[in-house]
Amino acid sequence: MPELIEVEQYRRAVDVLVGRQIDDVVLPDPWFVKRGSPEELRASLIRRQITGTRRIGKLLLIDTDVDGPVLGVRFGMTGLVEVDGARPIGELLYSSIRRDPAWVRAELRTGGGSLAIVDPRRLGGVELDPDETRLGPDAATLTLGQLTTALASSHAPLKARLLDQARIAGIGNLLADEILWHAALAPDRAAADLDDRERRRLQRWIRATVATLLERGGSHLGDVIDARRPGGLCPRDGSPLRRATIGGRTTWWCPRHQR
DNA sequence: ATTGTGGCCTGCCCGC
DNA sequence: TGCGGGCAGGCCACAA
């Protein structure tokens, strides 16, 4: 599903639209517009020029003009982009590779082509001028100081804090399991109980895992993801993985080496 | 404020 | 072969 990794791939694809003018905006699904009406969004965006793309965590931001509105795009679990008719990502875990025209929830038409937001399950959405301050620092560039702040004085499980977008932006369920598996930390540890060495180890694995999966091209290409199933064995030591709900999400981890 | 829970949404997979 | 019930998780509203 789209996590930081996929959204960054989307952003790079959407970046080719920079410099183009938005000629038309198609919003067939009012539910997909999270703030304001489709008409308001259309009126704000038409005739604007796309000047840049940004990403904070899983939120894609499309800048327009100098003082123009910012279009925020969230992809939920099954959302993807098509830029000028092409998909930067072919395979998306938990989503469908089929192409149903009804799944196009938003479309920006430009002179040379278009940007389509395709989302079968409608868990994503578009929003004008999203509140960027609600998101914590991006996981791809997270510093040790930022991680320390994110984990401070918390009795919540470590994994729940990693998933909290207000504390750290960009980590989703698969990425969290992958990071904790590499860092050899149990997901149900109290977040504030990590010592200095463990926090440093975690910070390095957050950045390293993000970098590695970006190179591989997907959050589903981690080293432990294939073992997240009944009967799955730890790729490091062969122990049966344990499954539980932590932070409200299905969690798989190795009880032997993750402590 | 912090933390946990349930619901939204719907394609897909499994068992009958 | 068709059918129905779970399941997946990002995000948000809500409760304790």
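Every chain is numbered from 1 and lettered A, B, ... according to where its sequence line falls, protein lines coming before strand lines.
Residue A:L144 belongs to no hydrophobic cluster, having no ILVMFWY side-chain heavy atom closer than 4.5 Å to its own. Membership of the apolar cluster around A:I56 extends to A:L59, A:L61, A:V70, A:L135, as traced through chained side-chain contacts below 4.5 Å between ILVMFWY residues. Cluster partners of A:W253, by chain and number: A:I246. The rule joins Ile, Leu, Val, Met, Phe, Trp and Tyr whenever side-chain heavy atoms lie under 4.5 Å apart.
Two residues are said to be in side-chain contact when any heavy atoms from C-beta on lie closer than 4.5 Å; A:L147 and A:I206 meet this criterion.
OP1 and OP2 of B:dG11 both lie 4.0 Å or more from every side-chain N or O belonging to A:T78. Neither OP1 nor OP2 of C:dC7 sits under 4.0 Å from any side-chain N or O of A:R229. Distances shorter than 4.0 Å separate some side-chain N or O of A:W103 from OP1 or OP2 on B:dG11.
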Pull out every protein N or O sitting under 3.5 Å from an N or O of nucleotides 1-4 of chain B, one pair per line with the distance.
unit_1: B:dT3; atom_1: OP1; unit_2: A:S154; atom_2: OG; d: 3.1
unit_1: B:dT3; atom_1: OP1; unit_2: A:H155; atom_2: N; d: 2.9
unit_1: B:dT3; atom_1: OP1; unit_2: A:A156; atom_2: N; d: 3.4
unit_1: B:dT3; atom_1: OP2; unit_2: A:S154; atom_2: OG; d: 3.4
unit_1: B:dT3; atom_1: OP2; unit_2: A:R161; atom_2: NH2; d: 2.5

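The side-chain hydrogen bond (donor to acceptor under 3.5 Å, both in side chains) test with A:D177 singles out one residue from A:H182, A:Q258, A:R228, and that residue is A:R228.
Spacing between atom CZ of A:R121 and atom C1' of C:dG6 amounts to 12 Å, rounded to whole angstrom units. We find that CD1 of A:I246 is positioned 12 Å from P of B:dT5, with the value rounded to whole Å. Rounded to whole Å, the distance from CG on A:L80 to P on B:dT10 is 16 Å.
Not counting sequence neighbours, A:R259 has no partner by the side chain to side chain donor-acceptor pair (under 3.5 Å) test. The salt bridge (Lys or Arg N to Asp or Glu O under 4.0 Å) check on A:E8 picks up A:R11, A:R12, A:R55, with sequence neighbours excluded. Not counting sequence neighbours, A:Q165 has no partner by the side chain to side chain donor-acceptor pair (under 3.5 Å) test. For A:T133, the side chain to side chain donor-acceptor pair (under 3.5 Å) test picks out A:D131, with sequence neighbours left out.
Contacts between residues 31-39 of chain A and DNA chain B, counted as heavy-atom distances below 4.0 Å, involve A:W31.
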| query | With the sugar-phosphate defined as primed atoms, P, OP1 and OP2, and the base as all remaining atoms, what B/S/- string results for nucleotides 10-16 of chain C, 5' to 3', for protein heavy atoms under 4.0 Å? | reply | BBS----

Under 3.5 Å, which donor-acceptor pairs do the side chains of residues 106-119 of chain A form with other protein atoms, sequence neighbours left out?
unit_1: A:E107; atom_1: OE1; unit_2: A:R109; atom_2: NH2; d: 3.4
unit_1: A:T110; atom_1: OG1; unit_2: A:R20; atom_2: NH1; d: 3.0
unit_1: A:T110; atom_1: OG1; unit_2: A:G113; atom_2: N; d: 3.3
unit_1: A:T110; atom_1: OG1; unit_2: A:G113; atom_2: O; d: 3.2
unit_1: A:D119; atom_1: OD1; unit_2: A:T78; atom_2: OG1; d: 2.6
unit_1: A:D119; atom_1: OD1; unit_2: A:R121; atom_2: N; d: 3.3
unit_1: A:D119; atom_1: OD1; unit_2: A:R122; atom_2: N; d: 3.2
unit_1: A:D119; atom_1: OD2; unit_2: A:L123; atom_2: N; d: 3.2
unit_1: A:D119; atom_1: OD2; unit_2: A:G124; atom_2: N; d: 2.8

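Across the helix from B:dT2-C:dA16 to B:dC16-C:dG2, the helix axis at one end is tilted relative to the axis at the other end by 40° (nearest 10 degrees, each axis from five pairs).
Cation-pi check for A:R236 over A:W181 is met; the charged atom lies under 6.0 angstrom from the ring centroid and within 45 degrees of its normal.
Within a 6.0 Å sphere centred on CZ of A:R229, other residues, nucleotides and ligands contribute more than 12 heavy atoms.
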| said: Evaluate A:I179 against A:I171 for side-chain contact (heavy atoms from CB on, under 4.5 Å), listing each step before the verdict. | reply: CA-CA 9 Å; A:I179 288 167; A:I171 299 177; 4.0 Å; yes

